[in-house]
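Everything on this sheet refers to the single structure shown next.
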Amino acid sequence: MPTEDNFYLRVFAVVRRIPRGKVATYGQVAALAGTPRAARIVGWALRTQAKKDVPWHRVLNTSGMISIENMNAPKEEQARLLELEGVVIERKAGNLFVDLKKYGWSAIV
DNA sequence: AGCCTGACTCGGA
DNA sequence: CTCCGAGCCAGGC
């Protein structure tokens with residue numbers, strides 16, 4: 001697998017392709033980026049560049065739950081951004097969930 | 001160059 | 001069904 005910055009670029013490119021009002025999982029983005037097992041790297045990539053021109057808030061874990069707890073990007077902020085796009089956020093036990101069946105994005109476009 | 005850590009995931013107990 | 005552990009890739013120290 002490539003170990004260049006291109007991986008990041010690909011990740012960003014994939015994330016940018018996520019339509020407004022839709023969400024994708026880390027694993028999915030990683031797969032689209034060319035490395036199915038690099039879900040963690042995706043999160044990392046987003047974390048290093050978060051708050052740029054990439055809709056990082058559209059990326060969630062495989063459960064549709066926001067894993068962020070005490071990071072630079074508060075989950076509340078992510079929830080707000082998603083709600084602005086029409087995505088319904090479900091709050092359960094202090095965690096934020098998104099209905100992937102409804103808002104999940106299909107890579108096959 | 002080597003070890004630790006992490007916005008993840010999957011599989012077994 | 002829930003909890004715990006191992007696997008994975010890349011970056012930081």
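Labels below follow one simple rule: chain letters A, B, ... track the order of the sequence lines, proteins then strands, and each chain is numbered from 1.
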In whole angstroms, how far is the [atom2] atom of [N] from the [atom1] atom of [X]?
{"X": "A:W56", "N": "B:dG6", "atom1": "CH2", "atom2": "P", "result": "19 Å"}
{"X": "A:N95", "N": "B:dC8", "atom1": "CG", "atom2": "P", "result": "12 Å"}
{"X": "A:N6", "N": "C:dG11", "atom1": "CG", "atom2": "C1'", "result": "16 Å"}
{"X": "A:L60", "N": "B:dA7", "atom1": "CG", "atom2": "C1'", "result": "10 Å"}
{"X": "A:L100", "N": "B:dT9", "atom1": "CG", "atom2": "C1'", "result": "14 Å"}
{"X": "A:I41", "N": "C:dG12", "atom1": "CD1", "atom2": "P", "result": "11 Å"}
{"X": "A:Q78", "N": "B:dA7", "atom1": "CD", "atom2": "P", "result": "13 Å"}
{"X": "A:L46", "N": "B:dA7", "atom1": "CG", "atom2": "P", "result": "12 Å"}

Among the nucleotides [options], which one has an atom lying closest to any side-chain atom of [X]?
{"X": "A:N61", "options": "C:dC9, B:dA7, B:dT9", "answer": "B:dT9"}
{"X": "A:I68", "options": "B:dT9, C:dA10, B:dA7", "answer": "B:dA7"}
{"X": "A:A39", "options": "C:dA10, B:dA7, B:dT9", "answer": "B:dT9"}
{"X": "A:T25", "options": "B:dT9, C:dG11, B:dA7", "answer": "B:dT9"}

More 5' along DNA chain B: A:W44 or A:T62, using each one's nearest nucleotide?
->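 The residue whose closest nucleotide sits nearer the 5' end is A:W44.
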Using a cutoff of under 3.5 Å, can you pull out all pairs of nitrogen or oxygen atoms linking the protein to nucleotides 1-8 of chain C, with atom names and distances?
from  : atom 1 : to    : atom 2 : distance (Å)
C:dG7 : O6     : A:R40 : NH1    : 2.9

Do we see a donor-acceptor contact under 3.5 Å between the side chains of A:H57 and A:E85?
->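 Result is yes, a qualifying pair exists.
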Backbone N or O of [Y] within a donor-acceptor pair of the [X] side chain at under 3.5 Å?
{"X": "A:E83", "Y": "A:Q78", "answer": "no"}
{"X": "A:R58", "Y": "A:V23", "answer": "no"}
{"X": "A:T35", "Y": "A:A38", "answer": "no"}
{"X": "A:N61", "Y": "A:G64", "answer": "yes"}

Side-chain heavy atoms of A:L46 within contact of A:V59, under 4.5 Å =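 The answer is yes, as the side chains (C-beta and beyond) meet within the 4.5 Å cut-off.
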Taking C-beta and beyond as the side chain, do A:I89 and A:R91 meet within less than 4.5 Å on heavy atoms?
->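 Yes - at least one pair of side-chain heavy atoms lies under 4.5 Å apart.
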Please determine if a side-chain N or O atom of A:S67 lies less than 4.0 Å away from the OP1 or OP2 oxygen of B:dC8.
->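 Yes.
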